[in-house]
Each structure stands twice: as C-alpha cells, then as structure tokens.
Amino acid sequence: MAPALLGAWVHGRGVTVRLTEVEAYRGQTDPGSHAFRGPTRRTRVMFGHPGTLYVYFSYGMHVCANIVTSPSGEASAVLLRAGEVVDGRELARSRRPTSKSDIDLARGPGRLCAALGITLDDDGDDLRSGPIRLEVPDADSPPVAYAQGPRTGVSGPGGSEEYPWRFWIAGEPTVSPYRKSPPRGGDERRR
DNA sequence: AGCCGGATCCGCT
DNA sequence: GCGGATCCGGCTT
C-alpha cells in the first residue's frame, strides 16, 4: 500500500512534488502510530475515510502530512516524508527560503509541507477535491525500485526493526537524511 | 494543573 | 555531529 505512493504527485497551491519517501502507520495495532491509543481530537481524521489528509503540528514549529489509507474506523495512514519538487520551483523556493539547494526544498516531512503550502487548516481535507491533490500514476506505468527500513524518528517498539515501514525510492537524493539509511541500506524491492 | 517528550529543522562546530 | 527552538497532546497527579 504505502510503496504504491512512491512516485505519486502531490499538488499543493502551485507546487507539485513527486513523492520519494513515505512511512506507513497501521491503525491501533501499531505502537508507533498516533492512532495507537484510539481516537482523540487530534487523530480523529485518521479514523476517517481513505484519501483524507491528516495534518499534525510537530515540535512546536512544523507540520507533517499523512494520507489516510484505510476504511473508516481503522486509522492507517502514510506519512509523506520527502519528495522532489517537479513544478512550481520558484514558489517552493519562496516558501522555503532556508533551502540552499533545490534538493532540500521538500526533503523531510516539515519541509515538504512548507513547500506545498500545507497548514493545519488542511487537516481533514479530501485529496480529490481540496486545495491539496493527490495524483497516483497509472497502474501500467513503469515500476519504481524502492528500498525499505525502520521508521525515522519513531522511538520505542514502533521504531524497531519489527516495523520496517519506511519506504523510499532507491538512490534518490531527496530522501530525508536523518538516521541515515538503515544498516546495509535496507532491502531492495520492486513494484 | 502540570509534566514530558515528540513521525523536526536549522545553525554552529 | 550536536543542541536549541517552541508548544501541543496525552498521560499522570
């Protein structure tokens, strides 16, 4: 499910990003998920229908965006960790003035949201009809080679090797630099 | 009512 | 490579 989003485009307010890195969070059974302890005011949109944007406020100064991927009540979601800006580059630069290189414009979940102009107001929006749109490649488009490994920034059991649910496009310079690539670079797969 | 740590980023060393 | 910024959510008292 989650790796199917690699290579997909997200259009946000004049900027388009091609997703290069995502992380899966699996409902209430996943100790690393915000939904682990059931619905709260913050996580209620995770329990909504697939194709909904879940945006949360992080570390007092950033926002991060997820796509809800499961039917209502299940609360699985995919965190958009990084992407390559493929359209609206100048706008993205203006939204991310601290980026020294275009590679960094949407490298990291907070940066990706900034580049796309995503704010907390977009929490709960429908990705088919709202200001932020998701465009998934055709099923018959060429496969994307990807790697997978443990999730970034998740501490406790959810961050262990038992949950290797971070997926990225192999060899992409735009994948977020934190925690480096896991040992031995993770497993190579293809879809 | 208060505490603690976080699905981060940036600048400095 | 490391620490500071900055503040909310969720759990404890």
Side-chain angles (χ1 to χ4, degrees), chain A residues 1-3 5-6 10 12 15 17 19-48 52-70 74-85 92-124 127 132 146-168 173-183 186:
Chain A
M1 182 78 234
L5 288 171
L6 292 173
V10 181
V15 172
V17 157
L19 296 177
T20 57
E21 182 188 2
V22 297
E23 266 174 18
Y25 289 86
R26 196 171 194 183
Q28 294 190 72
T29 64
D30 176 357
S33 173
H34 288 172
F36 183 57
R37 300 185 189 274
T40 65
R41 188 145 88 250
R42 178 174 67 154
T43 62
R44 73 185 184 286
V45 320
M46 291 185 79
F47 290 82
T52 305
L53 196 61
Y54 164 51
V55 184
Y56 70 92
F57 188 63
S58 178
Y59 287 94
M61 59 187 83
H62 310 293
V63 295
C64 300
N66 299 248
I67 297 172
V68 177
T69 55
S70 57
E74 293 184 18
S76 292
V78 172
L79 171 68
L80 309 182
R81 285 203 55 88
E84 173 194 9
V85 173
R93 284 180 184 144
S94 72
R95 290 174 180 157
R96 298 238 50 246
T98 55
S99 282
K100 295 190 176 69
S101 153
D102 288 351
I103 294 300
D104 294 329
L105 288 173
R107 186 193 207 196
R111 296 166 175 180
L112 181 145
C113 283
L116 291 171
I118 294 174
T119 71
L120 282 175
D121 286 342
D122 299 312
D123 186 39
L127 286 161
I132 313 298
Y146 68 90
Q148 76 182 87
R151 296 180 292 194
T152 300
V154 180
S155 60
S160 73
E161 304 274 345
E162 295 172 58
Y163 299 86
W165 295 343
R166 176 186 178 220
F167 304 92
W168 65 95
T174 54
V175 309
S176 54
Y178 312 110
R179 310 282 166 109
K180 304 198 158 170
S181 295

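In what follows, every chain begins at residue 1, and chains take the letters A, B, ... in the order their sequences are listed. All figures in this text were calculated on a predicted structure; none of them were measured in a lab.
- R95(A) has its side chain within reach of V15(A): a pair of non-hydrogen atoms, C-beta onward, lies under 4.5 Å apart.
- Taking atom P in both dG2(B) and dT6(C), one finds a spacing of 22 Å when rounded to whole Å.
- For R111(A), the listed nucleotide lying nearest its side chain is dC9(B); candidates were dC9(B), dC7(C), dA7(B).
- dT12(C) is paired with dA1(B) under the Watson-Crick or G-U wobble criterion, all donor-acceptor distances under 3.5 Å.
- A donor-acceptor pair is defined here as one N or O able to donate and one able to accept, closer than 3.5 Å; such a pair exists between the side chain of T43(A) and the backbone of T40(A).
- In this structure, R37(A) places its CZ atom 13 Å from P of dG6(B), rounding to the nearest Å.
- dC10(B) is paired with dG3(C) under the Watson-Crick or G-U wobble criterion, all donor-acceptor distances under 3.5 Å.
- Between Y56(A) atom OH and dG10(C) atom C1' there is a gap of 15 Å when expressed in whole angstrom units.
- For the OP1/OP2 pair of dC8(C) and a distance below 4.0 Å, the side-chain nitrogens and oxygens of R42(A) include no atom meeting the criterion.
- For dA7(B), the base is stacked against the aromatic ring of Y25(A), per a cut-off of 5.5 Å between centres and 30° between planes.
- Taking only side-chain nitrogens and oxygens, T40(A) comes nearer than 4.0 Å to OP1 or OP2 of dG10(C).
- Taking atom CG of N66(A) as the reference point, atom P of dT8(B) lies 11 Å away to the nearest angstrom.
- Residue H34(A) places no side-chain N or O under 4.0 Å from the OP1 or OP2 atom of dG9(C).
- Of all nucleotides listed (dG10(C), dT8(B), dC10(B)), dC10(B) comes nearest to the side chain of R96(A).
- For dA5(C), the base has no donor-acceptor partner in the side chain of Y59(A) [N/O atoms by modelled type, under 3.5 angstrom].
- In this structure, M61(A) places its CE atom 11 Å from P of dC9(B), rounding to the nearest Å.
- Residue R81(A) places its side chain closer to dT8(B) than to any other of dT8(B), dG11(B), dC7(C).
- The interatomic distance linking L105(A) (CG) with dC9(B) (P) rounds to 13 Å, in whole Å.
- Nearest to the side-chain atoms of H62(A) among the listed nucleotides dC7(C), dC9(B), dA7(B) stands dC9(B).
- Listed nucleotides dG11(B), dA7(B), dG10(C) differ in distance to T43(A); the shortest reach to its side chain belongs to dG10(C).
- Relative to the ring axis of F36(A), R26(A) does not place its NZ or CZ within 45° and under 6.0 Å from the centre.
- Protein atom CH2 of W168(A) is 16 Å distant from nucleotide atom C1' of dA7(B), rounded to whole Å.
- Here the C1' atom of nucleotide dT8(B) and the CD1 atom of I118(A) are 15 Å apart, to the nearest Å.
- Between the D123(A) side chain and the L120(A) main chain, no donor and acceptor come within less than 3.5 Å of each other.
- Checked against the 6.0 Å centroid criterion, the rings of H62(A) and F57(A) do not qualify as a close aromatic pair.
- Of the possible polar contacts, one joining the R107(A) side chain to the V175(A) backbone as a donor-acceptor pair under 3.5 Å is found.
- Between F167(A) atom CZ and dA7(B) atom C1' the separation is 15 Å, expressed in whole Å.
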